[in-house]
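First the structure, in the form of structure tokens, and then the observations on it.
This chain uses plain numbering: 1 for the first residue, then up along the sequence. Computed from a predicted model, the values in this text were never measured in an experiment.
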Amino acid sequence: DLMRLCHLALALAKPDAPVADLNTIRFRLTYLYFLSGDLYRAAVLGEFLAYRYPASFGARKGAEIAIKAYRKMFDTERRASRNTAFELERMRRLAEYMGARWKGEPEAEEAWLMMIDTAIDNDDIAGAGEYLNKLAPDSSRRAQAELRLGQALWSKYLRQASVQENRPSQEELNKLVEDAQKTLRQGIDRMRKAVEAGGAVEYPLVFSVLALSQILIDAGRAEEAVQWLNDPKIGPLSLVAAKSPVVAGKTDFQIDTYKAALRAYVG
């Protein structure tokens, strides 16, 4: 009913109708299209508000909805093994615009996070690193992005180190590990400060600590890995032993934690 009334209001609007009122209706339609699954219409109308009326009510949120709609479209096409060039280009163009127009605003930072995730899904780790650099060092979303990229780097190393054919050189593999460790440390350090300031411990942080511990074990730094695993606030082994709700029900994670702990103690 709301969508029908919004369409009716736009159809009945006279040439002298206040633009602000029309844009309010357009934003509501953008949101309704997104909720109903009409992603392309949501994206087009959200872009229209962002590009044509950037100072209007709903322009920033409309842009955020638009890039989220393109992201969902990208996921659908990728899972179906279809070409995603259109969705990628529209997302990139919109993220660049949002980053320039509304730099530092939550909607712009959310756009960069989506671009990082999209690049990782596309196995474009270099591109994800470039998008990470778009976030300010003091951005509240920086730590989250660093954890995502660090995990992706570590996963890529594990995949490439296990193949026999077309295996990258040891120098390339070492670079992947170094980048993974550096990026994970940066994200963990930022998140740890937030936890010490009273913030909640979330699973992506604990998972990243486990990944860092595995890297350290492989590098022969077992004592440091033990310290991370047993950290009283964010250590995977500490949280598993305490039956923390953060890791409750995550059986594979618990098994990997015990494996890492055994390797670390033996080391």
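- With no hydrogens or angles considered, no side-chain donor-acceptor pair links Glu178 and Asn174 at under 3.5 Å.
- Checked against the 6.0 Å centroid threshold, Phe74 and Phe86 do not count as a close aromatic pair.
- Remark: Glu171 does not engage Lys175 in a salt bridge, criterion side-chain N to carboxylate O under 4.0 Å.
- Put simply, the side chain of Glu110 never gets that close to the backbone of Glu64: no donor and acceptor are under 3.5 Å apart.
- Using modelled atom types, one finds no donor on one side chain facing an acceptor on the other under 3.5 Å when comparing Gln181 with Trp154.
- A salt bridge does not link Glu87 with Arg71: none of the charged nitrogens is closer than 4.0 Å to a carboxylate oxygen.
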Check against salt bridge (Lys or Arg N to Asp or Glu O under 4.0 Å), Lys233 and Glu196: CA-CA 9 Å; Lys233 289 187 177 180; Glu196 290 172 350; 5.9 Å; no

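- Considering all non-hydrogen atoms of both residues, Leu49 and Gly58 come closest at CD1-O, 4.2 Å.
- A 6.0 Å sphere centred on CD of Glu202 holds no more than 12 heavy atoms belonging to other residues, nucleotides or ligands.
- Looking at Glu109 and Ser139, their side chains do bring a donor and an acceptor atom within 3.5 Å of each other.
- The two residues Ala143 and Arg190 have their closest heavy-atom pair at CB-CB, 3.5 Å.
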Given Phe253 and Val240, is the side chain to side chain contact (heavy atoms under 4.5 Å, CB included) satisfied, shown in steps? CA-CA 9 Å; Phe253 173 84; Val240 170; 4.1 Å; yes

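- Checked by atom type, the side-chain pair Glu223/Tyr265 shows no donor-acceptor distance below 3.5 Å.
- Minimum interatomic distance between Ile234 and Val206 (heavy atoms only, all atoms of both residues): O-CG1, 4.1 Å.
- Side-chain atoms of Glu172 and Ser169 form a donor-acceptor pair, as typed in the model, at a separation below 3.5 Å.
- Scanning both residues, Met3 and Tyr33, for their nearest heavy atoms gives CE-N, 4.0 Å.
- With respect to the salt-bridge test (charged N to carboxylate O, under 4.0 angstrom), the residues Lys61 and Glu107 qualify.
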